[in-house]
Amino acid sequence: MTIAVVVFPGTNCEHDIVHALELAGADTEMVWHRDTDLRGADGIVLPGGFAHGDYLRTGAIARFSPIMDDVVTLATEGTPTIGICNGFQILCEAGLLPGGLVANRDLKFICEPVHIRVESTDSVLTRAAEVGQVLRIPLNSYEGNYVADNIQRIEAEGDVILRYSGSGGEVDDGTNPNGSTNSIAGITNAARNVAGFMPHPERASEAILGSTDGMVLIESFLASAELARA
Amino acid sequence: MCEDGGILTYSFIVSIARKTGLSDPEGATTHKALTDLGFTGVSMVAFGRTISIDVEAMSQDEARSQVEAMCAKLLANPVMETYHIEPAS
């Protein structure tokens, strides 16, 4: 099973996610954004960073990188696809996920561990987790504030998979680090094979990093890729 | 505008704004700062951005429709933004 990790100019978390994916037993292949072929990868990761300098809007230029045609084709056909942080922003710009990400409520770059609560296990990112499970995973973003003009439909259809919370799972303004609408930290698409979220699971993938809470998300993704392949 | 064999350069200013109702932290923060400074009559502050674009085309209409296409495809995100195109004076 091979996971394609797409690298744009300005991506800076590709080695970290490759390390975490390999820790969990996956084979990985980094694919440069100018490439046009994901060679039938079993899963796709758009990692964190600042693709194309985040110019214009985060992800706005990256979504037109040549590799994105194949990302959209495979994701539309059902290949498990996740976007972490900047990768989430790119998936939104590409229209693979609803909504978008704007500047944090307090106009501050947030780089710290946050708690997120699993809202749904019906996604490639959360299938191995439990509803209500609280994870502690680092956030590292300025544009992490999730907005959508169809938020009621997103909520009604159960597309929200992760919400910012307190350590006990409480969700309110005080536990919302960046002002995201309804404390949304991660969402999935209608087909449930594409997911995006702001926190970085690869930075919580080994005890030496202070938390292994991100591994359940990475293992969910790999289990989904294995299932989709079968 | 400079002439070059029928092709002219047309200048536009594209204004991009956040859709009403969606979070605008820059606007909200600036609004609060203005109020703190004593500008108590401010009822709304919204941030956006402007982009100046020169287009070479056979006519103003052709140039404008190109800018329309640019806005729809790249310059604005229809999920969270609106845009307005004006010829630059």
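Quick note: numbers below take in every heavy atom, side chains included, and nothing from hydrogens, waters or symmetry partners. Numbers restart at 1 for each chain; the letters A, B, ... are given by sequence-line order, proteins then strands.
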If I measure from the heavy atoms of chain B, does F64(A) come under 4.5 Å with its side chain, its backbone, both, or neither? side chain
Sorted by number, residues from residues 22-31 of chain B in contact with chain A (heavy atoms, under 4.5 Å): L22(B), S23(B), P25(B), E26(B), T29(B)
Which of residues 32-54 of chain B have a heavy atom under 4.5 Å from any heavy atom of chain A? R49(B), I51(B)
Just checking F109(A): does its CZ atom have more than 12 heavy atoms from other residues, nucleotides or ligands closer to it than 6.0 angstrom? yes
M80(B) and L101(A) have their tightest heavy-atom pair at CE-O, 4.0 Å
Would you find more than 12 non-hydrogen atoms of other residues, nucleotides or ligands less than 6.0 Å from K108(A) atom NZ? no
Measure distances from D106(A) to the heavy atoms of chain B and classify the residue's part below 4.5 Å as side chain, backbone, both or neither. neither
In this structure, CG of L74(B) is separated from CD of E93(A) (nearest 0.5 Å) by 8.5 Å
Once you round to the nearest 0.5 Å, how far does CD1 of I16(B) lie from CZ of R57(A)? 7.0 Å
Please determine, among D149(A), T181(A), N104(A), N145(A), the option with the most heavy-atom pairs under 4.5 Å with chain B. D149(A)
